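Reading through the structure tokens given below for one structure.
Computed over heavy atoms, backbone and side chain alike; hydrogens, waters and symmetry mates excluded. This is a predicted model, so every value here is computed, not measured.
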Amino acid sequence: MSRMLYDKEIEDELMIQFIILYTLNHSDEPLPYAALLSVIQENCEISFTDLQLGLDNLIQTGHVSVTRINDILSIYDVTQKGKYVIDFFYRHIPLIVREPIDSSLKEFYLDKRRREAVQASIEPINEKEFNAECRLYNDDRMIMMSLTLYAGDRSEAERIAESFKANSADIYAGILEMFNKKESRDD
């Protein structure tokens with residue numbers, strides 16, 4: 001369990017609802033109830049009762065949706081209405097509250113983000129020509145590299161895509177090295 005940065009109890013009903021919306025909006029996917037409580041309560045001093053009342057109110061007003069998986073598991077997600085509200089009001093949440101929530105969510109999904117960090121696919125140009133679309137993301141889901149390579153036929157595009165998946169770190173490093181060599185020669 002992490003040490004809470006903002007250890008003053010949050011009792012403002014609206015602020016609690018903003019925190020819930022912020023957490024769900026910044027999550028990679030809908031959160032199970034236990035995970036939602038864990039992320040918020042590990043980073044904010046909010047009573048369980050106040051948190052539950054805020055969540056119930058957001059569900060009733062249509063800002064949060066709940067999907068029952070079975071009798072004991074429900075997952076929560078922010079609706080389009082909730083996204084609009086939190087995009088407008090997230091600055092009302094102190095940065096000292098937002099940052100630890102973001103860190104907790106990042107840790108929560110780190111393995112998944114790393115598994116999905118390298119993406120490669122083939123895209124048809126026409127019936128006989130293809131591109132290999134290659135992307136590399138960092139742990140914050142920010143795109144680090146995006147390449148579209150003309151491959152000619154489908155088998156060549158598939159080979160390029162597989163090679164990128166297997167060697168993305170080396171390819172990225174090699175491209176950076178090439179740009180740095182160019183800069184060195186210009187000096």
Side-chain angles (χ1 to χ4, degrees), residues 1-121 123 133-146 148 165 168 172:
M1 186 179 278
S2 63
R3 188 177 156 276
M4 213 175 300
L5 296 176
Y6 189 83
D7 58 2
K8 193 168 100 175
E9 185 167 358
I10 301 171
E11 295 175 334
D12 181 298
E13 294 173 17
L14 198 53
M15 179 62 67
I16 292 168
Q17 291 178 50
F18 286 161
I19 290 169
I20 294 168
L21 287 174
Y22 181 84
T23 303
L24 290 171
N25 194 46
H26 283 80
S27 177
D28 289 6
E29 57 193 34
L31 283 171
Y33 182 71
L36 177 61
L37 290 178
S38 175
V39 167
I40 292 174
Q41 290 197 307
E42 285 181 9
N43 296 293
C44 305
E45 185 68 37
I46 300 173
S47 77
F48 172 79
T49 305
D50 288 345
L51 187 60
Q52 188 60 54
L53 287 172
L55 183 58
D56 290 344
N57 188 52
L58 290 168
I59 293 167
Q60 288 175 357
T61 59
H63 293 90
V64 169
S65 66
V66 60
T67 304
R68 294 210 182 286
I69 303 301
N70 57 40
D71 290 341
I72 55 173
L73 180 62
S74 296
I75 56 172
Y76 296 81
D77 199 8
V78 63
T79 63
Q80 196 59 43
K81 183 178 178 182
K83 287 179 183 190
Y84 174 76
V85 168
I86 201 56
D87 285 346
F88 192 72
F89 288 107
Y90 81 94
R91 286 184 179 88
H92 292 283
I93 304 168
L95 188 59
I96 200 164
V97 172
R98 285 182 286 162
E99 284 182 339
I101 288 172
D102 289 340
S103 290
S104 287
L105 288 170
K106 180 179 174 180
E107 284 298 315
F108 192 75
Y109 291 111
L110 193 56
D111 290 339
K112 179 181 182 247
R113 287 181 180 187
R114 287 184 177 165
R115 279 192 311 273
E116 296 172 354
V118 178
Q119 298 177 4
S121 61
E123 299 293 326
E133 300 285 340
C134 306
R135 289 166 302 286
L136 181 63
Y137 296 87
N138 69 6
D139 290 344
D140 292 319
R141 294 179 301 167
M142 183 179 81
I143 194 156
M144 294 175 58
M145 179 172 56
S146 178
T148 300
K165 286 179 184 176
S168 62
Y172 181 71

Given I75, L51, L31, the one that forms side chain to side chain contact (heavy atoms under 4.5 Å, CB included) with L36: L31
L21 and V64, any side-chain heavy atoms less than 4.5 Å apart: yes
By salt bridge (Lys or Arg N to Asp or Glu O under 4.0 Å) - contacts of K83 (at least two apart): none
Under 3.5 Å, which donor-acceptor pairs do the side chains of residues 66-73 form with other protein atoms, sequence neighbours left out?
| from | atom 1 | to | atom 2 | distance (Å) |
| --- | --- | --- | --- | --- |
| R68 | NH1 | S74 | OG | 2.7 |
| N70 | OD1 | I72 | N | 2.9 |
| N70 | OD1 | L73 | N | 2.8 |

Ring pair (Phe, Tyr, Trp, His ring centres under 6.0 Å) contacts in which one or both residues fall within residues 95-119, not counting sequence neighbours: none
Non-hydrogen side-chain atoms of R135 and S121 separated by less than 4.5 Å: yes
Interatomic spacing from CG in D77 to NE2 in H63 - rounded to 0.5 Å: 14.0 Å
side-chain hydrogen bond (donor to acceptor under 3.5 Å, both in side chains) involving S146 - partner list, sequence neighbours excluded: none
Under 3.5 Å donor-acceptor, T79 side chain and G62 backbone: yes
Selection residues 77-97 - residue pairs positive for ring pair (Phe, Tyr, Trp, His ring centres under 6.0 Å), sequence neighbours left out: F18-F89, F89-H92
Under the ring pair (Phe, Tyr, Trp, His ring centres under 6.0 Å) test, residues paired with H26 that sit two or more places apart: Y22
Heavy-atom donor-acceptor pair, S27 side chain to T23 backbone, under 3.5 Å: no
Separation of S168 OG from M144 CE (nearest 0.5 Å): 9.5 Å
Non-neighbouring partners of Y137 that pass ring pair (Phe, Tyr, Trp, His ring centres under 6.0 Å), sequence neighbours left out: none
Check: D50 and E13 side chains under 4.5 Å, non-hydrogen atoms: no
Those residues that, when tested against Y33, pass ring pair (Phe, Tyr, Trp, His ring centres under 6.0 Å) (two or more places apart): Y76
Under the salt bridge (Lys or Arg N to Asp or Glu O under 4.0 Å) test, residues paired with K81 that sit two or more places apart: none
Inter-residue atom distance I46.CD1 - I19.CD1, 0.5 Å rounding: 4.0 Å
Contacts of type salt bridge (Lys or Arg N to Asp or Glu O under 4.0 Å), residue E107, not counting sequence neighbours: none
Donor-acceptor contact below 3.5 Å, side chain R98 vs main chain I93: yes
Enumerate, atom names and distances included, each donor-acceptor pair closer than 3.5 Å involving a side-chain atom of residues 53-60, sequence neighbours excluded.
| from | atom 1 | to | atom 2 | distance (Å) |
| --- | --- | --- | --- | --- |
| D56 | OD1 | Q52 | NE2 | 2.8 |
| N57 | ND2 | Q17 | OE1 | 2.9 |

By side-chain contact (heavy atoms from CB on, under 4.5 Å) - contacts of M145 (at least two apart): L136, L147, F164, I171, Y172, I175
Candidate pair I16 and C44, rule side chain to side chain contact (heavy atoms under 4.5 Å, CB included), full reasoning: CA-CA 9 Å; I16 292 168; C44 305; over 6 Å; no
